[in-house]
Every structure is written in structure tokens, then in C-alpha cells.
**Student:** 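The following block contains the structure, expressed as C-alpha cells.
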Amino acid sequence: MSDEFVLDPGLCHLNHAAVGPWPRRAVAAVTCFAEENARLGSLGYLDWLGVEQRLRERLAELIGAERASDIALAKNTSEALSVIAHGLPWTPGDNIVGIAQEFPSNRVVWESLADQGVTWRALDLDRSRDPEADLIALCDDSTRMIAVSWVQYASGLRLDLERLGAWCRANAVLLCVDAIQGLGALPFDLRRFQADFVVADGHKWMLGPEGLALLYVRPEWRERLRLRQFGWHMVEHSGDFDRTDWTPASDARRFECGSPNLLGTHALEASLSLLAEIGMDEVWNRLQARTDHLIGLIDERGFELLTPRAPERRAGIVTFRVPGESAARLYPLLMARRVLCAQRGGGLRFSPHFYTEFETLERAMRLLDDILSESTDSL
Ligand SMILES: Cc1ncc(COP(=O)(O)O)c(C=O)c1O
């Protein structure tokens with residue numbers, strides 16, 4: 001499997017929570033697509049649409065949706081969230097419950113509803129010992145939705161979606177899940193999680209390109225979302241250009257107004273075929289073994305783990321702090337040594353994937369040791 005990844009041996013790629021690398025098969029799919037395009041133009045357009053259909057099937061499988069036609073393809077997570085936020089019929093006084101420490105897209109989009117009289121209430125995760133209970137406690141009779149990331153981008157905390165989903169369904173509160181920090185890293189199951197909306201771009205744990213995202217809208221809600229974008233592609237009879245009467249497509253295509261991103265489609269479909277071949281349970285087993293190993297290396301050194309320690313609270317993100325050191329100082333020094341990571345949530349965020357060599361984790365930590373000993377030497 002490691003021959004699917006041709007990362008430079010001098011690089012420690014620990015940044016899947018930002019932008020993942022492509023497996024070889026995604027590179028091959030894009031190369032073939034480009035060459036075919038150059039030689040034959042769009043002669044094979046129907047085949048390209050076949051790849052798009054396979055992509056919808058793979059995404060449906062990945063989240064446990066019933067039908068491929070429930071999956072819309074959006075530009076990115078933020079666009080998908082905006083389709084939901086600005087499509088739902090709000091009433092002034094409604095509120096949405098979320099998390100204060102969220103990635104900006106999960107705050108800004110809900111705050112943008114303020115001019116419709118909708119407020120966003122945020123739980124401070126740093127003060128919460130039981131996030132699901134505290135999110136639920138923030139809800140009142142005017143709460144229409146809980147909107148959260150499955151996995152927090154900075155701390156890596158994973159929410160118990162089954163618990164949230166069961167409460168939301170029983171209390172007629174919608175559940176909107178930004179799954180970008182988990183999908184492709186560990187199994188997701190719509191049947192258990194009961195989310196009404198699921199969104200995720202493909203460029204992180206799904207190992208695809210930027211600019212192509214999953215938008216799942218529970219079928220019961222599809223027609224109740226007001227559409228804000230229109231064009232030839234989102235109508236029921238999209239191939240019949242002579243027809244002047246139109247209705248929005250009855251399936252999730254109604255959220256896709258114009259020409260599809262077929263270049264990205266070829267790449268993401270190929271990347272997801274790799275995850276499907278391995279199986280998400282196995283991907284998760286292997287990733288967990290790597291994050292456990294990483295936590296062991298962090299503990300050995302007496303660093304402070306910022307990611308929750310409990311396995312059921314974690315996904316692929318491991319964020320930690322070196323006592324007495326600022327992440328802002330260490331981060332560029334690590335990057336200069338080609339440890340590709342991120343500075344998030346007051347610490348250093350390392351995010352390996354299922355194929356990352358254990359040696360890569362060890363080397364990254366040794367490079368951090370070197371940086372720390374160089375700084376003590378120069379005192
Ligand atoms: C939780 C979360 N949501 C969304 C995004 C990215 O959004 P988009 O796909 O709109 O670029 C990120 C990127 O870091 C993220 O961590």
C-alpha cells in the first residue's frame with residue numbers, strides 16, 4: 001500500500017488535517033483525464049459522467065446514505081454550509097447551537113444569519129467536561145439546529161454524534177455536521193448518527209483535491225431548503241436545453257447549479273477507491289495505531305497533550321504543547337526541517353494517516369528534540 005504514496009523521503013507529512021497528499025492512483029486518474037482531454041476533447045464526456053456517478057456512490061457509501069442521488073457535489077465545505085444556512089426557512093428569534101472554538105466556516109456561516117433575527121449560541125469547549133450534554137443544555141424552545149464539526153480542527157476532539165443525533169431527532173432539532181476532519185479517517189454512519197446535513201471537502205482525510213465537497217441533505221429536508229443558486233444543471237430535465245419550463249431536480253443535483261468539476265471528480269473518485277479497497281474499519285485501525293504511538297512519544301518526553309486522551313474522543317489529530325515553549329516559535333523550525341504540521345489551538349498539530357510510517361512519527365519527534373536541545377545549547 002505504501003507504494004500508493006510517493007512522498008519525498010525527507011518529508012514528515014503530518015498534516016492530513018490541513019491538506020492531504022494524493023495517492024498515485026489519483027495522480028494517474030488526473031493525468032489520464034488531462035491527456036484524454038488534450039487528444040479527444042470531450043468525446044468521452046458520458047464516461048466522465050460515469051466517474052461522477054461512481055464518486056456519488058462512494059460518498060454515499062462512506063457516510064452510509066441510502067442513495068447516491070442523495071449526494072450533491074459542492075465547491076467546498078463552506079459553500080455547502082452556506083447552502084444549508086441560507087436555504088433553511090428561519091423565523092426571527094430562532095437560535096443555532098454550536099461550539100466557540102470551531103473552524104471559522106462553522107461560526108461565520110451561522111453568524112451571517114443575524115440579519116434574519118437568528119442567533120448563534122456557542123459552547124466554550126474549554127469549560128466543558130461533557131460536550132454533548134452541554135450542547136444540549138444550551139438548547140431551548142427556540143433552538144432549531146445544533147451545528148458542529150464531528151472532529152474539532154484544533155484540539156482533535158471527536159464528538160459523540162450518536163448521542164447528539166438521538167437527542168436532536170427526539171426533540172425536533174436539526175443536526176448539521178461538518179465531517180471534514182473525520183471522513184476518510186474513521187467510519188461514519190448516518191444511520192447511527194441521524195444527521196440531517198453532512199458536509200466535507202475531499203482534500204484532507206479523503207486524500208483528494210481541494211475544491212470538491214460532499215453535501216448531504218436528508219431527503220425530508222431537500223425540498224424545504226430554498227435554493228439560492230440557479231442554472232442549467234440543477235433543473236429536472238437538465239439535458240433538454242429547448243425546454244423553457246423547469247422545476248428543480250428532485251434529487252440532490254438541485255444544489256448543483258452549473259458545470260461539474262470533472263477534473264476534481266476524477267481525482268477524488270480515485271482516492272476514495274483506495275479507502276474503499278482497504279475498508280474504513282481497517283483505515284481507522286491503522287490510523288489509531290499511529291496516533292497511539294505518537295501519544296506515547298509525546299508522553300515519553302513529558303509534553304502536554306491537548307487532544308483528549310480517551311480513544312473514543314479522538315480521531316486522527318494529535319495536538320500537543322511543549323512546556324515552557326511557544327508553538328509559534330517551534331512551528332517554523334519544524335517546517336524548516338520538513339516536518340509538515342500545523343500550529344493550532346495553542347499547540348503543534350500532528351495529523352498522520354493510515355499509511356504513515358511509524359518511523360516518520362519517530363523522526364519528527366527526534367527533529368523536535370534537536371530543535372529543543374539547540375535552543376538550550378544557545379542559552
Ligand atoms: C472543521 C473544518 N471545516 C471546514 C474546513 C475547510 O473548509 P472549506 O472546505 O470550505 O475550505 C476546515 C479546514 O481546515 C475545517 O477544519
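Starting from 1, each residue takes its place in the sequence as its number. Being a predicted model, the structure only gives us computed values, none of them experimental. Ligands are counted one by one from 1 in listed order, and the atoms in each one are counted from 1 as well.
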**Student:** Do Asp251 and Arg56 meet the salt-bridge criterion of a basic N to acidic O distance under 4.0 Å?
**Tutor:** no

**Student:** Please list the nearest protein heavy atom to atom 16 (O) of ligand 1 with its residue and the distance rounded to 0.1 Å.
**Tutor:**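 Minimum-distance protein heavy atom for atom 16 (O) of ligand 1 reads Gln181 NE2, 2.9 Å.
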
**Student:** Mark up the atoms of ligand 1 that fall under 4.0 Å of a heavy atom belonging to Asp201, in ascending order.
**Tutor:** 9 (O)

**Student:** Among Leu361, Asn15, Val339, which one satisfies side-chain contact (heavy atoms from CB on, under 4.5 Å) with Phe350?
**Tutor:**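 Only match with Phe350 under side-chain contact (heavy atoms from CB on, under 4.5 Å): Val339.
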
**Student:** Hey, are Glu362 and His293 close enough side-chain-wise for a donor-acceptor pair under 3.5 Å?
**Tutor:** yes

**Student:** What are the atoms of ligand 1, with element, lying closer than 4.0 Å to any heavy atom of Tyr153?
**Tutor:** 16 (O)

**Student:** Under 3.5 Å, is there a donor-acceptor pair between the Gln116 and Asp94 side chains?
**Tutor:** no

**Student:** Verify, without hydrogens or angle tests, whether Glu36 (side chain) and Gly41 (backbone) share a donor-acceptor contact under 3.5 angstrom.
**Tutor:**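 A pair under 3.5 Å: no.
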
**Student:** Suppose we measure from atom 8 (P) of ligand 1 to each protein heavy atom; which comes out shortest, and what is that distance?
**Tutor:**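 Residue, atom and distance for the closest contact: Thr77 OG1, 3.5 Å.
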
**Student:** Starting from atom 3 (N) of ligand 1, find the nearest protein heavy-atom neighbour and note its residue, name and distance.
**Tutor:** Asp178 OD2, 2.6 Å

**Student:** Going by the atom numbers of ligand 1, which of them fall below 4.0 Å from some non-hydrogen atom of Lys204?
**Tutor:**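 By the 4.0 Å cutoff, the relevant atoms are 12 (C), 13 (C), 14 (O).
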
**Student:** What protein heavy atom sits nearest atom 6 (C) of ligand 1, and how far off is it?
**Tutor:** Phe103 CE2, 3.6 Å

**Student:** Does any N or O in the side chain of Asn76 come within less than 3.5 Å of the main-chain N or O of Ala213, such that one atom is a donor and the other an acceptor?
**Tutor:**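 No.
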
**Student:** Provide the number and element of each atom of ligand 1 under 4.0 Å from a heavy atom of Ser149.
**Tutor:** 1 (C)

**Student:** Between Trp48 and Phe33, does the ring centroid distance fall short of 6.0 Å?
**Tutor:** yes

**Student:** What is the closest protein heavy atom to atom 10 (O) of ligand 1, and at what distance does it sit?
**Tutor:** Ser78 OG, 2.5 Å

